[in-house]
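Following: one structure in structure tokens, then a few remarks.
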Amino acid sequence: MVKEALKGRDFLSVNDVTNEEFEFLMDYGIELKKQQKSGCCEPILKGKTLGMIFHKSSTRTRVSFEVGMVQLGGYPLVLNANELQLGRGETIADTAMVLSRYIDGIMIRTYSHASVEELAEYADIPVINGLTDLLHPCQILADLMTVKEHKGELKGLKMAYVGDGNNIANSLLNGCTKVGMDLAVVTPPGYEPNAKIYETALKIASETGSKITLTTDIKEGVEGADVIYTDVWASMGQEAEREARIKIFKDYQVNSEVLKIAKPDVSVLHCLPAYREEEITSEVMDGPHSIIFDQAENRLHAQKALLACLL
Ligand code: CP
Ligand code: NVA
């Protein structure tokens, strides 16, 4: 039922799916992971093609979508943005209408979220957001699936996100409120997540029972956390600010002292890529609390669930 309802839809934001659909996608990802580990993978997407447009670098998103399509029996087509006519001024709308005549879905990673919304408006096929400056919904699907695998129930857990109020922080506001998790977003003053997304999260939280807090105080945010999550201090497109941000964010590093403030069995997440010894120490990244590489692996399984449903 839920699977059928997702067919043909876009996934530009975690909020494009209902709470029930989001839970289904995580559970289906866990199921597809089991199937793959036991050596069986049904060719659910035989004959289907996914076009993938990249305006920014990628390791995990590109490889996990590409391998995911192959494992599902479909065909992944990487479309480098600078090789498309899009780079020479063909409109997003025309590109969307043309691609809809050839392929069965589009995954796009770009800067402007509005461009992805425009692509989805003109495409007749599902459009998946593979990261914009605003959101990274596929990442959060895999992240919460990983926490569910490690901790069981998500509802009632507390996550502390420490760092920049970026696309990951914004999508975590959407995701945690959806599953009833508490979320404390800890940032330096002036680096808070998107105000509109925060307002929406507060509304959804009042329905699902999540407690959402924004703070600049790392101790207050991390106290009692079941999960600590961090991300780079300068995202793609902000390279020129990196040196300045290293100074601004220096007290927001996830290290062994910060872990001591959280619950003894705290798990640590990072969407990767990481700048080791900046936002996170190697001691934590490679230590016993880190579930970071399970998280990276789960991009594959969670997105296979997404592709199998949408396409
Ligand atoms: N986490 C993530 O999206 O990684 P990539 O930038 O390597 O795709
Ligand atoms: N916030 C980071 C996430 C990378 C997966 C960026 O946008 O570069």
Side-chain angles (χ1 to χ4, degrees), residues 11-14 29 50 52-69 76 78-81 106-116 128-147 159 161-175 185-188 191-194 197 227-246 248-249 252-254 268-276 278-280 285 290-304 306-307:
F11 188 66
L12 309 190
S13 158
V14 167
L50 178 76
M52 301 189 281
I53 303 174
F54 287 97
H55 287 108
K56 290 179 176 177
S57 309
S58 172
T59 298
R60 281 142 289 268
T61 304
R62 171 164 176 185
V63 177
S64 57
F65 268 106
E66 199 164 338
V67 170
M69 276 305 281
V78 177
L79 304 163
N80 283 316
I106 303 171
M107 193 287 302
I108 179 164
R109 164 169 289 197
T110 192
Y111 293 88
S112 145
H113 193 73
S115 299
V116 178
I128 299 171
N129 177 2
L131 180 146
T132 62
D133 289 344
L134 189 70
L135 297 173
H136 196 3
C138 295
Q139 179 70 54
I140 271 52
L141 180 63
D143 299 342
L144 294 179
M145 171 185 150
T146 310
V147 177
M159 181 184 286
Y161 171 87
V162 182
D164 184 26
N166 60 15
N167 41 15
I168 295 292
N170 291 335
S171 282
L172 280 174
L173 281 168
N174 294 336
V185 181
V186 187
T187 68
Y191 291 86
E192 293 81 10
N194 179 281
I197 292 174
V227 182
I228 299 174
Y229 195 136
T230 189
D231 182 20
V232 289
W233 293 336
S235 286
M236 288 180 276
Q238 297 174 331
E239 288 76 9
E241 291 174 43
R242 179 148 174 238
E243 290 309 313
R245 280 174 175 254
I246 288 173
I248 296 165
F249 283 80
Y252 294 83
Q253 184 189 63
V254 172
V268 177
L269 294 176
H270 189 311
C271 58
L272 302 179
Y275 288 116
R276 286 172 177 252
E278 285 185 22
E279 75 275 6
I280 190 166
M285 227 177 119
S290 170
I291 54 171
I292 291 171
F293 294 97
D294 289 344
Q295 177 188 9
E297 176 186 338
N298 284 341
R299 292 293 303 279
L300 171 67
H301 309 296
Q303 287 159 194
K304 277 170 71 180
L306 188 68
L307 291 165

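All residue numbers in this chain count up from 1 along the given sequence. For ligands, and for the atoms within them, numbers begin at 1 and follow the listed sequence.
Of all heavy-atom pairs spanning H55 and Y111, the tightest one is O-CE1, 3.5 Å. Across all their heavy atoms, N174 and S13 have their closest contact at ND2-OG, 3.6 Å. In terms of heavy atoms, A142 sits closest to Q295 at CB-O, 4.3 Å. The two atoms that bring T132 and H113 nearest to each other are OG1-ND1, 3.1 Å, heavy atoms only. Nearest approach of Y161 to L172, heavy atoms of both residues: CD1-CD1, 3.5 Å.
By the 3.5 Å distance cut-off applied to N or O atoms, H136 is not counted among the residues near ligand 2. Remark: ligand 1 and P273 share no N or O pair separated by less than 3.5 Å (distance only, no angle test). Considering backbone and side-chain N/O atoms, L272 comes within less than 3.5 Å of an N/O atom of ligand 1.
Between T230 and E279, the side chains place no donor N or O within less than 3.5 Å of an acceptor N or O (distance only, hydrogens not considered).
Taking a cut-off of under 4.0 Å to the non-hydrogen atoms of N167, the atoms of ligand 2 that pass are 1 (N), 2 (C), 6 (C), 7 (O). Near N166, with a cut-off below 4.0 Å to any heavy atom, the atoms of ligand 2 are 1 (N). Taking a cut-off of under 4.0 Å to the non-hydrogen atoms of L131, the atoms of ligand 2 that pass are 3 (C), 4 (C), 5 (C), 7 (O). Here is the list of ligand 1 atoms found below 4.0 Å of a heavy atom in Q139: 1 (N), 2 (C), 3 (O). Near C271, meaning under 4.0 Å from one of its heavy atoms, ligand 1 places the atoms 1 (N). Atoms of ligand 1 lying under 4.0 Å from any heavy atom of H136, numbered from 1 in the order shown and given with element: 2 (C), 3 (O).
Rounded to the nearest 0.5 angstrom, M52 CE and R62 CZ are separated by 6.5 Å.
From the protein, the heavy atom lying nearest to atom 8 (O) of ligand 2 is M236 N, 2.8 Å. At the top of the distance list for atom 4 (O) of ligand 1, counting protein heavy atoms only, stands R60 NE, 2.8 Å. Given atom 2 (C) of ligand 1, the protein heavy atom at minimum distance is R299 NH1, 3.3 Å. Atom 7 (O) of ligand 1 has as its closest protein heavy atom T59 N, 2.7 Å.
Counting only distance, with no hydrogens or angles, the side chain of N170 and the backbone of L134 share a donor-acceptor pair below 3.5 Å. A donor-acceptor contact shorter than 3.5 Å is absent between the side chain of E241 and the backbone of E239.
If you check each of D231, T132, L272 against atom 2 (C) of ligand 2, the one with the closest non-hydrogen atom is D231. The nearest non-hydrogen atom to atom 6 (O) of ligand 1, considering only R109, K56, R62, comes from R109.
Aromatic rings from Y252 and Y191 are positioned such that their centres are separated by 6.0 Å or more.
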